[in-house]
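Chain identifiers are assigned alphabetically (A, B, ...) following the order of the sequence lines, protein sequences preceding nucleic acid strands; residue numbering begins at 1 within each chain.
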There are 2 protein chains.
Amino acid sequence: MGKQATEMLKGTLEGIILAILASRSAYGYEITAWLRQQGFSEIAEGTVYALLVRVEQRGLVDVEKVPSEKGPPRKVYSLNTQGQEYLTEFWRTWSFLSERLEQLRDGGR
Amino acid sequence: MGKQATEMLKGTLEGIILAILASRSAYGYEITAWLRQQGFSEIAEGTVYALLVRVEQRGLVDVEKVPSEKGPPRKVYSLNTQGQEYLTEFWRTWSFLSERLEQLRDGGR
DNA sequence: ACCAGTACCTTGTGATACAGACTAGCGAGG
DNA sequence: CCTCGCTAGTCTGTATCACAAGGTACTGGT
């Protein structure tokens, strides 16, 4: 998708991942795989892990270490109450931006 | 709107401004004022000017210096052919991202 | 002379995604 | 046995971007 997508992801990727965690608990590798499958083909693994660390430090998610049959133990993340609130705020911000942009798209015919 | 909005603007503000220039030529001060009026109340002036310099250097816009009755001369920007193409690409990227997010929003309950 | 409004520019900072490399555990094939 | 491939997580350095905070310059009104 190119550089545009990269820049556009800044600020939204966090919300995307929190939104995923809102519907179900997940671990980093799983999230990366899911994103790729959804069309975010160029998501760097390191990006997802770094983001998870960030949201954990901000106290938006809870973490549980779960042993895996294949490979090293997984860090399973789940959205907590604070994360829920943050996500709500994210959707509000997104809606605002989204509306302005759709308006602009039409305006430009 | 807060920090979320700031981060979310990264990558999209460029498209927003190019979209504005697609419908009419404009200069920095004018664009800033318009954005504020549209609800982007916290847009920093410096941000807009820096962005305009960037898109000019990338050859996406043409510039014309126009004397003003009030204050220093205006730098009037207009979208050129290359900018048009870039904007089209921007809308494609935006659509992709937008669709995924709407999907996620529904999916989350 | 001063101040408000118009219009543009510059420097430094923080946040973020990416590239690329590394550690580590497990199973299968040579 | 041992290397390869997959799973899973981590780390360092880099580029981009919006912002804060300041400055420059020109005009008209008081």
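At a cut-off of 3.5 angstrom, the base of D:dT16 holds at least one donor-acceptor pair with the side chain of A:Lys10.
A pairwise comparison of heavy atoms in A:Arg105 and B:Ser95 identifies NH1-OG, 2.9 Å as the closest pair. Closest heavy-atom contact between A:Arg36 and A:Ile43: NH2-O, 2.5 Å. Among all heavy-atom pairs drawn from A:Ala19 and A:Trp91, the shortest one is CB-CZ2, 4.0 Å.
Projected onto DNA chain D by closest heavy-atom contact, A:Val76 and B:Thr12 fall at different nucleotides, the more 5' of which corresponds to A:Val76. Toward the 5' end of DNA chain C, the nearer of the two residues A:Pro73 and B:Glu7, judged by each one's closest nucleotide, is B:Glu7.
Here D:dA8 presents its P atom at 8 Å from CD of A:Glu30, a figure rounded to the nearest Å. Across the protein-nucleic acid pair, A:Ile17 atom CD1 and D:dG9 atom P stand 12 Å apart, rounded to whole Å. As rounded to whole Å, 17 Å separates atom C1' of D:dC17 from atom CD of B:Gln4. If you measure from atom CZ of A:Arg74 to atom C1' of D:dT7, you get 8 Å, rounded to the nearest angstrom. One interatomic measurement links the two molecules: NZ of B:Lys3 to P of D:dA20, which rounds to 13 Å at whole-angstrom precision. Taking atom CE of residue B:Met8 and atom P of nucleotide D:dC19, one finds them 13 Å apart after rounding to whole Å. What separates OH of B:Tyr29 from P of D:dC26 is a distance of 17 Å, to the nearest Å. For the pair A:Leu9 CG and D:dA18 C1', the interatomic distance rounds to 17 Å; values are reported in whole Å.
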Working for side chain to side chain contact (heavy atoms under 4.5 Å, CB included), residues B:Leu87 and B:Leu21: CA-CA 10 Å; B:Leu87 183 56; B:Leu21 293 179; over 6 Å; no

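The shortest side-chain heavy-atom distance between A:Val61 and A:Leu52 does not fall under the 4.5 Å cut-off. At a threshold of 4.5 Å between non-hydrogen side-chain atoms, the residues B:Glu102 and A:Trp94 count as touching. You'll find the side chain of A:Thr93 reaches within 4.5 Å of the side chain of A:Glu89, heavy atoms only.
Applying the 4.0 Å criterion to OP1 and OP2 of D:dA18, one finds that B:Arg54 has a side-chain N or O inside that range.
Residues from residues 45-53 of chain B lying near DNA chain D, meaning a heavy-atom separation below 4.0 Å, are B:Thr47, B:Leu51 in numerical order.
Taken from CD in A:Glu56 to CG in A:Asn80, the straight-line distance is 10.5 Å, to the nearest 0.5 Å. For the atom pair CD (A:Glu7) and OG1 (B:Thr12), the distance works out to 10.0 Å, reported to the nearest 0.5 Å. The OH atom of B:Tyr77 sits 8.0 Å away from the CD1 atom of B:Ile31 when rounded to the nearest 0.5 Å. Rounding to the nearest 0.5 angstrom, the gap separating the OG1 atom in A:Thr81 from the CG atom in A:Asp62 is 8.0 Å.
Residues A:Arg58 and A:Glu14 are paired through a salt bridge, judged by an N-O separation under 4.0 Å between the basic side chain and the carboxylate.
Taking the 5' to 3' direction, DNA chain C first and last meets chain B under 4.0 angstrom from a heavy atom at C:dT6 to C:dT16.
At its two ends the helix from C:dA1-D:dT30 to C:dG30-D:dC1 runs along axes set 20° apart, each axis drawn from five pairs and the angle rounded to 10°.
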